[in-house]
**Student:** 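One structure coming up, written as structure tokens, with questions to follow.
As a basis for the values below, the full set of heavy atoms in this structure was taken, side chains included, without hydrogen atoms, waters or symmetry mates. Indexing begins at 1, ligand by ligand and atom by atom, following the structure's order.
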Amino acid sequence: MRKPVIAGNWKMHKNRDEALQFIYSVNMQVPNKEYVDSVVCPQAPLLRDLVKRQGDYLRIGAQNIHEESEGAYTGEVSADLLENLGVGYVIIGHSERRAYYNETDTAVNKKIHQAFRYGITPIVCVGESLETREAGDTDTFVRGQVKKALEGLGSEQVKRIVIAYEPIWAIGTGKTATSDQANDAIGVIRETIETLYDASVSDDTRILYGGSVKRKNIDEIVNMPEIDGALVGGASLSAKDFLYMVDAALKTVS
Ligand code: 13P
């Protein structure tokens, strides 16, 4: 049984007051992390404040790290610092970073290694464009991204990784992949992991769906057999909606 994860990617939203208000309203209400992992990922300057106030069960994640531990990389944030601040998760390879900041598969792979070096759980994003889907190349494309992302990782690391399947055409568009499309693509990711490692590894790896996840579709998504939770953008900005989605995930295990 894989423990579900509901992760909120706040992207470039929420100032400090808004973020603290969110934390205060969800802190006491998120379920025990023995059953569901509840994570929110704010903008980097807020990480310290939120980690200090994260309560017993909510966890705080970053949205990016640099692939080196330190150096002359103006504007970047190191995994070393994140570990130091007590940050538990980091989103790696989000399609917005791949598109706007030229993040390559090689960089994504290095960042994953770097996260593990500092004991931070990577939430690794993969997913195809509309063009790729319409050309019928989704499976090949996603398989390729997963292979490159996992290069050089051991079985124990892959069991601890969280993968998020986020088709680019479903992000922020209100156009959700159907639960079958999401389940199928996630099935392909799981098969890829089985081929690269073995079934004991692919059975343990948690794979989320992301892309226009909201209150109205979360139940259907988390109830699909291959899907272990969601990486949520816009809807995670509302404390009420975030709690609703965490609760939907909890129901699948209780
Ligand atoms: P939306 O939920 O706003 O579509 O964003 C998804 C996403 O990119 C999460 O990382």
Side-chain angles (χ1 to χ4, degrees), residues 4-14 18-19 22 26 37-44 46-47 50 58-65 87-101 103 107-108 111-112 115 120-130 132-133 138 141-142 145-146 149 161-179 181-183 185-186 189 206-222 224 227-249:
V5 186
I6 298 293
N9 175 7
W10 285 356
K11 307 189 180 183
M12 204 171 73
H13 295 286
K14 285 202 192 290
E18 292 162 344
F22 180 103
V26 306
D37 284 323
S38 313
V39 185
V40 290
C41 305
Q43 297 180 68
L46 292 178
L47 288 166
L50 301 203
L58 184 68
R59 283 295 165 267
I60 306 301
Q63 298 177 13
N64 181 35
I65 45 167
V87 172
Y89 292 80
V90 59
I91 298 171
I92 295 178
H94 192 280
S95 60
E96 287 152 15
R97 295 211 55 87
R98 293 181 192 251
Y100 307 144
Y101 307 100
E103 210 162 283
V108 167
K111 289 179 183 206
I112 297 169
I120 300 167
T121 302
I123 302 175
V124 181
C125 302
V126 297
E128 81 289 357
S129 65
L130 189 57
T132 302
R133 175 157 286 266
T138 298
F141 181 82
V142 170
Q145 277 188 324
V146 170
I161 213 167
V162 177
I163 296 182
Y165 167 64
E166 298 208 316
I168 297 167
W169 49 273
I171 296 177
T173 57
K175 208 173 166 185
T176 331
T178 65
S179 43
Q181 283 174 323
N183 196 66
I186 290 174
I189 295 172
R206 293 179 298 169
I207 312 180
L208 318 181
Y209 168 74
S212 298
V213 176
K214 307 204 175 332
R215 284 171 86 118
K216 70 172 190 316
N217 55 24
I218 186 72
D219 288 288
E220 189 176 338
I221 289 165
V222 291
M224 295 305 283
I227 307 182
D228 305 314
L231 178 58
V232 186
S236 74
L237 297 170
S238 148
K240 264 194 181 158
D241 288 2
F242 180 76
L243 286 169
Y244 182 95
M245 292 184 277
V246 168
D247 201 47

**Student:** Please check: side-chain N/O of Arg133 versus main-chain N/O of Thr138, any donor-acceptor pairing under 3.5 Å?
**Tutor:**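 No, because the side chain of Arg133 does not come within donor-acceptor range (under 3.5 Å) of the backbone of Thr138.
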**Student:** Do any N or O atoms from the side chain of Trp10 and from the backbone of Gln43 form a donor-acceptor pair under 3.5 angstrom?
**Tutor:**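 No; judged by distance alone, with no hydrogens or angles, the pair does not exist.
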**Student:** Would you call Gly210 a ligand 1 contact, heavy-atom distance under 4.0 Å?
**Tutor:**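 Contact check Gly210 vs ligand 1: negative.
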**Student:** Using a 3.5 Å cut-off on N or O atoms only, is Ser212 in polar contact with ligand 1?
**Tutor:**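 In this structure, Ser212 places an N or O atom under 3.5 Å from an N or O of ligand 1.
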**Student:** So, regarding Leu231 and ligand 1 (criterion: nitrogen or oxygen to nitrogen or oxygen, under 3.5 Å), is there a contact or not?
**Tutor:**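 Checking ligand 1 against Leu231, no N or O pair falls under 3.5 Å apart.
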**Student:** When you check the side-chain N and O atoms of His94 and Glu166, is any donor under 3.5 Å from an acceptor?
**Tutor:**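 His94 vs Glu166: donor-acceptor pair found between side chains.
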**Student:** When rounded to the nearest 0.5 angstrom, what distance separates OG1 in Thr121 from CG in Asp37?
**Tutor:**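 Rounded to the nearest 0.5 Å, the OG1-CG separation comes out at 8.0 Å.
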**Student:** Is a donor from one side chain sitting under 3.5 angstrom from an acceptor on the other, for Asp219 and Tyr244?
**Tutor:**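 Yes.
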**Student:** Are any of the N or O atoms of Ile171 closer than 3.5 Å to those of ligand 1?
**Tutor:**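 The answer is no, given that Ile171 and ligand 1 share no N or O pair closer than 3.5 Å.
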**Student:** Given Lys11, Lys214, Glu166, identify the one with the heavy atom nearest to atom 10 (O) of ligand 1.
**Tutor:**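 Checking each option, the heavy atom nearest atom 10 (O) of ligand 1 is found in Glu166.
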**Student:** Within ligand 1, which atoms have a heavy atom of Gly234 less than 4.0 Å away?
**Tutor:**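 That gives atoms 1 (P), 2 (O), 3 (O) of ligand 1.
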**Student:** Out of all atoms in ligand 1, which are within 4.0 Å of some heavy atom of His94? Include the element for each.
**Tutor:**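 The list of qualifying atoms is 7 (C), 8 (O), 9 (C), 10 (O).
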**Student:** Hey, what do you get for CD1 (Ile227) to CG (Asn183), rounding to the nearest 0.5 Å?
**Tutor:**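 Answer for the CD1-CG pair, Ile227 versus Asn183, is 5.0 Å.
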**Student:** For atom 6 (C) of ligand 1, grab the closest protein heavy atom and report residue, atom and distance to one decimal in Å.
**Tutor:**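 Checking every protein heavy atom, the shortest distance to atom 6 (C) of ligand 1 gives Gly233 N, 3.8 Å.
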